[in-house]
A.B. asks: 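To start, I am sharing the structure in question, which I have written as structure tokens.
Note that these values count all heavy atoms, side chains included, but never hydrogens, waters or copies made by symmetry. Note that the coordinates shown come from a computational prediction; the quantities given were computed from them, not determined experimentally.
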Amino acid sequence: MKAADIADIVFLRLVRLKRYGMGASRWDVGEELQQFPEKVVLAKARGLIRRGLISGCACGCRGDFELTDRGRELLEIG
């Protein structure tokens, strides 16, 4: 399994749905992506952060992922 196996739209939708004030935690997102190892989920988050679709931290802490304007635009299109 690799990060590319997780669709960008799926991850972005989870970030939007799982946001509880401070942002979606890595555990919130990971709970919905149980079929993927945690390191794959974090790798996907790093890629989305690098591409400017979400903000947050993918070092293994809480994450507090939030959609950026670009991420919201992509969700509207997709």
Side-chain angles (χ1 to χ4, degrees):
M1 290 190 172
K2 56 188 178 196
D5 294 334
I6 303 172
D8 293 347
I9 294 295
V10 169
F11 199 101
L12 295 175
R13 285 181 182 151
L14 289 172
V15 169
R16 180 179 60 193
L17 290 173
K18 296 290 186 175
R19 190 177 176 285
Y20 301 114
M22 295 180 68
S25 75
R26 68 182 176 101
W27 301 290
D28 295 330
V29 175
E31 178 181 328
E32 300 298 326
L33 298 172
Q34 292 178 20
Q35 67 271 33
F36 296 97
E38 184 177 23
K39 68 180 185 175
V40 173
V41 174
L42 290 175
K44 183 65 175 187
R46 279 192 296 277
L48 293 173
I49 291 168
R50 189 173 41 255
R51 292 171 45 211
L53 298 174
I54 62 173
S55 63
C57 181
C59 77
C61 66
R62 282 186 44 87
D64 293 330
F65 304 120
E66 302 231 15
L67 294 174
T68 62
D69 290 339
R70 279 186 68 194
R72 281 188 285 280
E73 287 173 14
L74 186 61
L75 278 178
E76 289 174 13
I77 294 168

A.B. asks: Of all residues at least two apart in sequence or in a different chain, which pass the side chain to side chain donor-acceptor pair (under 3.5 Å) check with Ser25?
C.D. replies: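 Per chain and number, Ser25 pairs via side chain to side chain donor-acceptor pair (under 3.5 Å) with Asp28.
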A.B. asks: What residue pairs, at least two apart or across chains, pass salt bridge (Lys or Arg N to Asp or Glu O under 4.0 Å) with a residue in residues 43-57?
C.D. replies: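 Sorted pair list: Asp8-Lys44, Asp8-Arg51.
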A.B. asks: Looking at every heavy atom in both Leu12 and Leu53, which two are closest together, and how far apart are they?
C.D. replies: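 The pair with the smallest heavy-atom distance is CD2-O, 4.0 Å.
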A.B. asks: So, for Val29 and Val41, which heavy atoms are closest and what is the spacing to 0.1 Å?
C.D. replies: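 Reported closest heavy-atom pair: CG1-CG1, 4.3 Å.
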A.B. asks: Should Ile54 and Phe11 be marked as a side-chain contact (heavy atoms from CB on, under 4.5 Å) after you check the CA-CA gap, both sets of side-chain angles, and the distance that decides it?
C.D. replies: CA-CA 10 Å; Ile54 62 173; Phe11 199 101; 3.9 Å; yes
A.B. asks: Could you pull out the closest heavy-atom pair between Phe65 and Gly56, with the gap in Å?
C.D. replies: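 So the minimum-distance heavy-atom pair works out to CD2-CA, 4.2 Å.
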A.B. asks: Are Leu14 and Trp27 joined in one hydrophobic group, where the rule is that I, L, V, M, F, W and Y side chains link up if heavy atoms are under 4.5 Å apart?
C.D. replies: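 No, no single cluster joins them.
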A.B. asks: Run the side chain to side chain donor-acceptor pair (under 3.5 Å) test against Glu32 and tell me which residues pass, sequence neighbours left out.
C.D. replies: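 Here the qualifying residues are Lys18.
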A.B. asks: Please determine whether residues Leu74 and Leu48 belong to a single hydrophobic cluster, defined as Ile, Leu, Val, Met, Phe, Trp and Tyr linked transitively by side-chain heavy-atom distances below 4.5 Å.
C.D. replies: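 Yes, Leu74 connects to Leu48 through the hydrophobic network.
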A.B. asks: Check salt bridge (Lys or Arg N to Asp or Glu O under 4.0 Å) between Arg72 and all other residues, then give those that pass, not counting sequence neighbours.
C.D. replies: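 Only Asp69 meet the salt bridge (Lys or Arg N to Asp or Glu O under 4.0 Å) criterion with Arg72.
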A.B. asks: Write out all pairs satisfying salt bridge (Lys or Arg N to Asp or Glu O under 4.0 Å) with one or both partners inside residues 53-64, taking only residues at least two apart or from two chains.
C.D. replies: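 Counting only pairs at least two positions apart or across chains, the salt bridge (Lys or Arg N to Asp or Glu O under 4.0 Å) contacts touching residues 53-64 are Arg62-Asp64.
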A.B. asks: If you round to the nearest 0.5 Å, how far is CG of Asp5 from CZ of Phe36?
C.D. replies: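 CG of Asp5 is found 5.5 Å from CZ of Phe36.
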A.B. asks: Roughly how far, to the nearest 0.5 Å, is the CZ atom of Arg13 from the CG atom of Leu67?
C.D. replies: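 Spacing of CG (Leu67) from CZ (Arg13) equals 11.5 Å.
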A.B. asks: Taking it one step at a time, do Val40 and Leu33 satisfy side-chain contact (heavy atoms from CB on, under 4.5 Å)?
C.D. replies: CA-CA 10 Å; Val40 173; Leu33 298 172; over 6 Å; no
A.B. asks: Which pair of heavy atoms, one from Thr68 and one from Ser55, lies closest together, and at what distance?
C.D. replies: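 Between these two residues, the closest heavy atoms are CG2-N, 3.8 Å.
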